[in-house]
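This structure is a prediction, so every number in the text was calculated from the model and none was measured.
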Amino acid sequence: MIPYFRYGIDISRHHLKGIYVCSIGRNKRQSSRPPVGITCTLRETRDGDLTAGEPQEPGGPEYSPIALCYQGVHTILRPWNPYSCVIAAGVQNQFLHFPIRPRSRIFVLGCSLQTLSHLADILGPTGQLIGVMAADDPSPPSRAELGRFLRRHPQVWVVTEDIPQASLERYELLLSLPEACKHAFLMALHPRLGADSAAHALAGAKGSQKVLRRIFDFLEFPDAAKARCLVVCYCTPETRVAVIRDIVSSHVDILQRWRVPGKGTKDRVEGSSEHSGSVREDARGCADGVQP
């Protein structure tokens, strides 16, 4: 990698927020060809943990990560290969409108772990990303790879689903708790019905607020419905345009219905949306220290 730095390196901001351009060989005069700017994302890291858990970027040495340290702050500049990711190719070709910005919340379909990691870098630690990996992916990540990735990016949730056949009910099961489970949890906290339940014993234990909060945070991601940006990478050269159109329109409808409490369950009677909201609030309220 050192020969690449011999003629200088230039790092500048891209016109899109959260993205940078790295030009290597800026001062090289032996060649008439100007240096090529490589699109990169930037992320702050912990000491001694610069690249652990990150998917390897396909490509040559020019796409290897660059670790930087200044006044005790460790960061890593991660090149984004436009030949392996359609989003990176769009950025490289000067996207005019790019709704993925720092601190935003996005819903992503069919992206690889490499792409998800770059999008997470753009969002930053205060953004949120919900990634849906295709069930028919010919080369899905292993459990170990996915575990390392999620430890590296705690603001990211990843689930696997049949994207063309996805429904609101399926996403509610994958990313939230069904109402029946919330009812059962509340009944387990009742002084009479749940007197001998494990939930009742846990609620009265020392430090129960923290434990219950961690349980609910692990089991559901209530902010998934608040995603304001839909990113669809579920396409191959063999995929028909009509299939992609149906996937986009169905997921736009899913997200719109998901934002309205009470529209996700088939057998819900009229007027039950307010009741659904109260069950959700009561169940999570118990995790905040509401004792039975």
Checklist entry - Looking only at heavy atoms, what is the nearest atom pair of Ser23 and Gly37, with distance? => result OG-CA, 3.7 Å
Item to check | Side-chain heavy-atom pair Tyr63, Ile38 within 4.5 angstrom cut-off | outcome: yes
Item to check | Any side-chain donor near an acceptor of the partner, Asp136 and Tyr234, under 3.5 Å | outcome: yes
Next on the checklist: Suppose we call two aromatic rings close when their centres sit under 6.0 Å apart. Are Tyr171 and Phe107 close by that rule?
Outcome noted: yes
Next on the checklist: For the CG atom of Leu77 and the OG atom of Ser64, what is their distance to the nearest 0.5 Å?
Outcome noted: 11.5 Å
Next on the checklist: If you define the side chain from C-beta out and look only at heavy atoms, does anything of Ile163 sit under 4.5 Å from Ile247?
Outcome noted: yes
Checklist entry - For Leu16, does its backbone N or O pair with a side-chain atom of Arg101 as donor and acceptor, under 3.5 Å? => result no
Checklist entry - Do Leu173 and Leu168 share a hydrophobic cluster (ILVMFWY, side-chain heavy atoms under 4.5 Å, transitive)? => result no
Checklist entry - So, the side chain of Arg259 versus the backbone of Ala225: is there a donor-acceptor pair under 3.5 Å, distance only? => result yes
Next on the checklist: Can you confirm whether the side chains of Thr41 and Asp121 place a donor and an acceptor under 3.5 Å from each other?
Outcome noted: yes
Checklist entry - Counting N and O atoms only, with roles assigned by atom type, does the side chain of Asn93 sit under 3.5 Å from a partner on the main chain of Ala89, one being a donor and the other an acceptor? => result yes
Next on the checklist: Is there a continuous path of hydrophobic side-chain contacts, each under 4.5 Å between heavy atoms, that joins Val21 to Ile76?
Outcome noted: no
Item to check | Interatomic spacing from CD in Gln114 to CG in Leu119 - rounded to 0.5 Å | outcome: 11.5 Å
Next on the checklist: Working note: Cys85 + Trp80, criterion side chain to side chain contact (heavy atoms under 4.5 Å, CB included); need CA distance, chi angles, decisive distance, verdict.
Outcome noted: CA-CA 8 Å; Cys85 176; Trp80 200 357; 3.6 Å; yes
Checklist entry - Are Trp157 and Leu255 joined in one hydrophobic group, where the rule is that I, L, V, M, F, W and Y side chains link up if heavy atoms are under 4.5 Å apart? => result yes
Next on the checklist: Within the structure provided, determine whether Val132 and Val108 are in side-chain contact (heavy-atom separation under 4.5 Å).
Outcome noted: no
Item to check | Atom pair OG1/CG of Thr75 and Leu68 - distance to nearest 0.5 Å | outcome: 4.0 Å
Checklist entry - Which distance, rounded to the nearest 0.5 Å, do you find between the CD1 of Ile254 and the CD of Glu169? => result 8.5 Å
Checklist entry - Looking at Val91 and Phe95, what are the two nearest heavy atoms and their distance? => result N-CD1, 3.6 Å
Next on the checklist: Ignoring hydrogens, what is the shortest heavy-atom contact between Leu129 and Ala120? Give both atom names and the distance.
Outcome noted: CD1-N, 4.0 Å
Next on the checklist: Using side-chain heavy atoms (C-beta onward) and a distance below 4.5 Å, is Met133 in contact with Val159?
Outcome noted: no
Checklist entry - Does a donor on one side chain sit under 3.5 Å from an acceptor on the other, for Ser117 and Arg78? => result yes
Checklist entry - Under 3.5 Å, is there a donor-acceptor pair between the side chain of Thr115 and the main chain of Cys111? => result no
Next on the checklist: Taking the side chain as everything from C-beta on, heavy atoms only, tell me whether Tyr20 gets closer than 4.5 Å to His14.
Outcome noted: no
Checklist outcome for this item: The reported gap from CG in Leu123 to CD in Gln155 (rounded to nearest 0.5 angstrom) is 7.0 Å
Checklist entry - Quick one: are Arg43 and Arg152 in side-chain contact, heavy atoms under 4.5 Å? => result yes
Checklist entry - Gln92 and Thr39: side-chain donor and acceptor closer than 3.5 Å? => result yes
Item to check | Non-hydrogen side-chain atoms of Thr160 and Pro140 separated by less than 4.5 Å | outcome: no
Item to check | N/O donor-acceptor pair under 3.5 Å between Ser104 side chain and Ile100 backbone | outcome: no
Item to check | Spatial distance of atom CD (Glu44) from atom NE2 (His74) [nearest 0.5 Å] | outcome: 9.5 Å
Checklist entry - For Ile19 and Cys40, what are the C-alpha separation, side-chain angles and deciding distance, and is it a side chain to side chain contact (heavy atoms under 4.5 Å, CB included)? => result CA-CA 6 Å; Ile19 301 177; Cys40 303; over 6 Å; no
Checklist entry - What closest approach, in Å, do Pro102 and Lys17 show between heavy atoms, and which atom pair accounts for it? => result CD-CB, 3.8 Å
Checklist entry - Can any side-chain N or O of His153 pair as donor or acceptor with the backbone N or O of Leu116 at less than 3.5 Å? => result no
Next on the checklist: If you compare all heavy atoms of Pro82 against all heavy atoms of Ala88, which two are closest, and at what distance to 0.1 Å?
Outcome noted: CA-CB, 3.8 Å
Item to check | Flag, side chain of Gln165 to backbone of Asp162, donor-acceptor distance under 3.5 Å | outcome: no
Checklist entry - Side chains of Ile130 and Ile106: does their closest heavy-atom pair fall under 4.5 Å? => result no
Next on the checklist: Do Val158 and Val231 land in one hydrophobic cluster if side-chain heavy atoms of ILVMFWY residues count as linked below 4.5 Å?
Outcome noted: yes
Checklist outcome for this item: Between Gly18 and Ile122 the two heavy atoms that sit nearest each other are O-CG1, 3.8 Å
